[in-house]
Amino acid sequence: GGSRGIGAEIARRFATLGDRVVIVYKSDAAAAGKIAAELGGDAVCIAVQADITETDDVRAVAAAAVERFGGIDVLVNCAGIGPYRALGQMDAAFVRQILDANVLGPVLMVEAVLPHLRAPGGRIINIASALAFRPIPTSSVYSASKAAVVTLSHAFAKELGPRGVTVNAVAPGVIETDMTTAIIAERGAQIQAMTPLGRIGQPGDIAGIVTFLASPEAGWITGRTIVADGGIT
Ligand code: NAP
């Protein structure tokens, strides 16, 4: 999910710290290529096309990371989708596409990366949502998918702790990206008014939390979810 929005900013932050980055994107090759070039091109960042809901695709991502950079220290599961629908308008395809992208995808990514993840010392950071803790009308399936991400992070932390790998989640409130253009246009003033810090969140408000969780300073934190929503929750 590094080609746009929060994931792109996370990729930038890692690159700024001197890390090498593999960006995964599903469809927007131009956006992914632009970020990879911005971060310094092949020596620093490669962009790999993959649908995270496909086992072969995610295995190919892990293989590309190992081939290009020799191993994997950190996995950030940021790719996700956020459609909302009211009760009365749900169908199986709607529910499945959200659960596939937001729950199955991160699980498959962890499975694919694990054999190559540095241990001890590896890090997995999953992007959940503050809606996991305070869902709003029409967000039910999305919110539930992110509650699953919170619980997966907690459970994976217990499984991977003995290997010295930490697993944590970050749960953002509304962040200004392509995903939230419509919501911010519709209710931006209201969201800002209910936010104690008095503004709409930006991708940079999340990226530093992720690099902190990836750093040695966060080595004693695992299984936790950090809510970052300007104080709404
Ligand atoms: P975004 O701007 O819509 O970007 C989504 C990213 O995920 C893109 O890079 C997209 O790639 C990738 N992606 C989506 N489905 C994929 C799939 N099946 N396989 C591979 N890549 C896939 O989203 P965002 O706002 O940055 O959100 C990032 C994460 O934060 C999501 O998990 C979202 O649920 C979560 N979040 C966002 C907010 C918010 O307010 N924005 C709040 C809380 C949590 P392509 O463009 O190539 O499709």
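Just follow the structure's listing: the first ligand is 1, and inside any ligand the first atom is 1.
With respect to atom 10 (C) of ligand 1, the closest heavy atom belonging to the protein is Arg4 NH2, 3.9 Å. Looking only at protein heavy atoms, the nearest one to atom 30 (O) of ligand 1 is Ile127 CG2, 3.3 Å. Looking from atom 37 (C) of ligand 1 to the surrounding protein, the closest heavy atom is Ile6 CD1, 3.6 Å. For atom 19 (N) of ligand 1, the nearest protein heavy atom (residue, atom name, distance) is Ile52 N, 3.0 Å. For atom 43 (C) of ligand 1, the nearest protein heavy atom (residue, atom name, distance) is Pro172 O, 3.3 Å. Protein heavy atom at the shortest distance from atom 22 (C) of ligand 1 is Ala79 CB, 3.6 Å. In terms of protein heavy-atom proximity, atom 9 (O) of ligand 1 is nearest to Ser3 OG, 2.7 Å. The protein heavy atom nearest to atom 15 (N) of ligand 1 is Ile81 CG2, 4.0 Å.
Listed for the Thr222 side chain is a donor-acceptor partner under 3.5 Å among the backbone atoms of Val167. In terms of modelled atom types and a separation under 3.5 Å, the side chain of Arg68 and the main chain of Asp42 share a donor-acceptor contact. Thr211 contributes a side-chain N or O that, together with a main-chain N or O of Gly208, makes up a donor-acceptor pair within less than 3.5 Å. Between the side chain of Gln192 and the backbone N or O of Arg199, no donor-acceptor pair lies under 3.5 Å. For Thr180 (side chain) and Ile175 (main-chain N/O), a donor-acceptor pair under 3.5 Å exists by modelled atom type. Although no hydrogens or angles enter the test, the distance criterion places no donor-acceptor pair under 3.5 Å between the side chain of Asn168 and the main chain of Thr225.
Of the residues listed (Leu213, Val227, Asn126), the one engaging Val170 in a side chain to side chain contact (heavy atoms under 4.5 Å, CB included) is Leu213, and it is the only one.
A heavy-atom separation below 4.0 Å is found between Cys78 and ligand 1. The closest approach between Gly82 and ligand 1 stays at or above 4.0 Å for every heavy atom of the residue. Within the structure, the closest approach of Gly173 to ligand 1 falls below 4.0 Å when heavy atoms are considered. Not close to ligand 1: Glu176, with no non-hydrogen atom less than 4.0 angstrom away. Heavy atoms of Ala130 come nearer than 4.0 angstrom to ligand 1 in no pair at all. Heavy atoms of Ala50 approach ligand 1 to within less than 4.0 angstrom.
Close approach of ligand 1 to Ser27 is summarised as follows: ligand atoms under 4.0 Å from at least one heavy atom of the residue are 45 (P), 47 (O), 48 (O). Contact atoms of ligand 1 toward Asp28: 45 (P), 46 (O), 47 (O) (distance under 4.0 Å to a heavy atom of the residue). Short contacts between ligand 1 and Val174, defined as distances under 4.0 Å to a heavy atom of the residue, involve ligand atoms 40 (O). Near Lys146, meaning under 4.0 Å from one of its heavy atoms, ligand 1 places the atoms 31 (C), 32 (O), 33 (C), 34 (O).
Around atom CD of Glu111, no more than 12 heavy atoms belonging to other residues, nucleotides or ligands sit under 6.0 Å away.
For Ser143, the side chain to side chain donor-acceptor pair (under 3.5 Å) test picks out Ser139, with sequence neighbours left out.
Residue Tyr142 has at least one nitrogen or oxygen atom sitting less than 3.5 Å from a nitrogen or oxygen atom of ligand 1, judged on distance alone.
Its side chain outside the 4.5 Å cluster rule for every partner, Leu17 clusters with none of the Ile, Leu, Val, Met, Phe, Trp and Tyr residues.
For Ser145 and Asn102, the side-chain atoms include at least one donor-acceptor pair closer than 3.5 Å.
When Thr177, Asp57, Asp229 are checked for heavy-atom proximity to atom 24 (P) of ligand 1, Thr177 turns out nearest. Across the listed options Gly5, Gly80, Gly7, Gly80 owns the non-hydrogen atom lying nearest to atom 5 (C) of ligand 1.
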Going through the distances and angles, do Phe156 and Leu114 end up as a side chain to side chain contact (heavy atoms under 4.5 Å, CB included)?
CA-CA 11 Å; Phe156 287 165; Leu114 210 46; over 6 Å; no
